[in-house]
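Reviewing the structure listed below.
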2 protein chains.
Amino acid sequence: MEFKDSKGIFQQIADNICEKIISGEYPVFSKIPSVREQAAVMGVNHNTIMRTYMELQRENIINNQRGIGYFVTEEAPQRIVQLRKEEFFRHEMPEFIRQVKLLNLSQEELKPLFDQLNKQP
Amino acid sequence: MEFKDSKGIFQQIADNICEKIISGEYPVFSKIPSVREQAAVMGVNHNTIMRTYMELQRENIINNQRGIGYFVTEEAPQRIVQLRKEEFFRHEMPEFIRQVKLLNLSQEELKPLFDQLNKQP
DNA sequence: TGCAGTGTACTAGATCACTATAACAGTAAA
DNA sequence: TTTACTGTTATAGTGATCTAGTACACTGCA
């Protein structure tokens with residue numbers, strides 16, 4: 001996996017896992033890759049994955065059974081979407097609007113954006 | 001100034017200065033605060049400001065006269081807007097759209113966004 | 001019981017961003 | 001010339017993050 005240096009690696013991995021959960025790649029109740037396996041896949045140290053998993057566990061997105069592995073909780077998808085929506089409306093959307101105004105983008109330039117957003121249900 | 005820990009401080013200061021330039025707070029050809037003064041205002045070390053200024057100089061947004069200070073270049077506002085537009089269309093907008101789709105936001109939830117964007121000329 | 005795979009914990013070290021501090025050099029103006 | 005600004009450079013130290021490596025404990029299964 002490639003990482004931006006604008007954010008902690010463990011946070012990026014957490015985001016990545018969360019997206020796999022809400023996209024269905026990691027279904028509810030399923031076991032996610034072990035700390036060591038994930039570390040190998042991501043190309044990072046297993047301690048870094050450990051930190052990621054502990055964070056996600058603290059947020060009740062995964063839970064673990066010692067000696068067995070980590071599992072996606074039943075409430076995970078709902079929690080992730082909820083947390084992300086809050087973040088989206090509190091920060092990302094206002095910042096996005098601020099950018100548009102600061103750059104003084106025209107309706108013409110924004111047309112592709114509208115086209116994409118209008119595809120939403 | 002408050003800083004997010006998601007990005008280097010020097011980069012956030014550079015962004016801040018760029019916004020002051022395109023908003024007109026730092027007009028073309030004007031002298032911007034000295035390294036030490038800016039450091040005091042921002043509450044950081046002057047080496048950090050030095051790094052910021054060197055970056056901005058590398059991008060031809062400011063230039064300097066040793067012993068006198070740093071000045072906004074004539075082409076600065078245009079360059080900043082151009083660089084930011086490129087960045088916006090290459091990364092921020094696609095990422096924003098990706099988020100909207102991932103969170104499966106409804107037209108209803110997006111209405112405030114449309115309202116804001118339609119205010120653009 | 002033994003083994004393989006799992007989580008967990010610990011120490012040590014590398015790297016990076018930023019800070020703290022100092023010293024040096026150019027410019028303008030009194 | 002002196003003073004008070006400027007930029008510039010250098011060294012050392014701190015804190016956070018991530019890596020490297022090791023060791024230990026738990027679980028399921030052959």
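All figures in this text were calculated on a predicted structure; none of them were measured in a lab. In what follows, chains are A, B, ... by sequence order, proteins preceding strands, each numbered from 1.
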To the nearest angstrom, the CD1-C1' distance between B/I9 and D/dG15 comes to 12 Å
Say whether, by atom type as modelled, one donor and one acceptor occur between the side chain of A/T52 and the main chain of A/F10 under 3.5 angstrom. yes
A/H46 NE2 - D/dC18 P separation (whole Å): 15 Å
Hey, are the side chains of B/Q99 and B/L105 touching, using non-hydrogen atoms and a 4.5 Å cut-off? no
Test side chain to side chain contact (heavy atoms under 4.5 Å, CB included) on B/I32 and B/K20; report intermediate values, then the result. CA-CA 10 Å; B/I32 64 177; B/K20 285 177 176 166; over 6 Å; no
Is B/K111 salt-bridged to B/E108, going by a charged N under 4.0 Å from an acidic O? no
Separation of B/Q38 atom CD from D/dG7 atom C1', in whole Å? 14 Å
Can you identify which nucleotide, out of C/dT19, D/dA23, D/dT19, has its nearest atom closest to the A/V44 side chain? D/dT19
What is the distance from CZ of A/F71 to P of C/dT6, rounded to the nearest Å? 11 Å
Counting side-chain heavy atoms from C-beta on, which of C/dT6, D/dT6, D/dT19 comes nearest to A/E37? C/dT6
Between CG of A/N63 and P of C/dT6 the distance, given in whole Å, is 17 Å
Closest of D/dT8, C/dT8, C/dT6 to the A/K31 side chain is C/dT6
From CD1 of A/I13 over to C1' of D/dT17, roughly how many Å is that when rounded to an integer? 12 Å
When B/E59, B/E19, B/E92 are each screened for salt bridge (charged side-chain N to carboxylate O under 4.0 Å, His left out) with B/R84, the one that passes is B/E19
Between A/F88 and B/F96 (judged by ring centroids, cut-off 6.0 Å), do the two rings come close enough to count as a pair? yes
Between B/Q11 (CD) and C/dA17 (P), how many Å, whole number? 12 Å
Separation of C/dA22 atom P from B/N45 atom CG, nearest Å, is 13 Å
Would you check, one step at a time, whether the test side chain to side chain contact (heavy atoms under 4.5 Å, CB included) holds for A/E109 with B/M93? CA-CA 11 Å; A/E109 288 172 306; B/M93 194 175 98; over 6 Å; no
Find which nucleotide of DNA chain D each of B/M50 and A/F10 is nearest to by heavy atoms, and output the residue with the more 5' nucleotide. B/M50
Tabulated below should be each protein N or O lying under 3.5 Å from an N or O of nucleotides 25-29 of chain D; please produce it.
from   : atom 1 : to    : atom 2 : distance (Å)
D/dA25 : O4'    : A/R66 : NH2    : 3.4
D/dC26 : O4'    : A/R66 : NE     : 3.3

Decide side chain to side chain donor-acceptor pair (under 3.5 Å) for B/Q57 and B/N64; before the verdict, give the C-alpha distance in whole Å, the side-chain angles of both, and the deciding distance to 0.1 Å. CA-CA 8 Å; B/Q57 186 177 35; B/N64 83 309; 2.6 Å; yes
Distance criterion of 3.5 Å, no angle test: do you see the side chain of A/R36 paired donor-to-acceptor with the base of C/dG5? no
DNA chain D contacts among residues 51-61 of chain A, heavy-atom distance under 4.0 Å: A/R51
Want to settle it: does B/I32 or A/T48 sit nearer the 5' end of DNA chain D, counting the closest nucleotide to each? B/I32
Under 4.0 Å: is that the gap between some side-chain N or O of B/N47 and OP1 or OP2 of D/dT8? no
Taking atom CE of A/M50 and atom CZ of A/R36, what is their separation to the nearest 0.5 Å? 10.0 Å
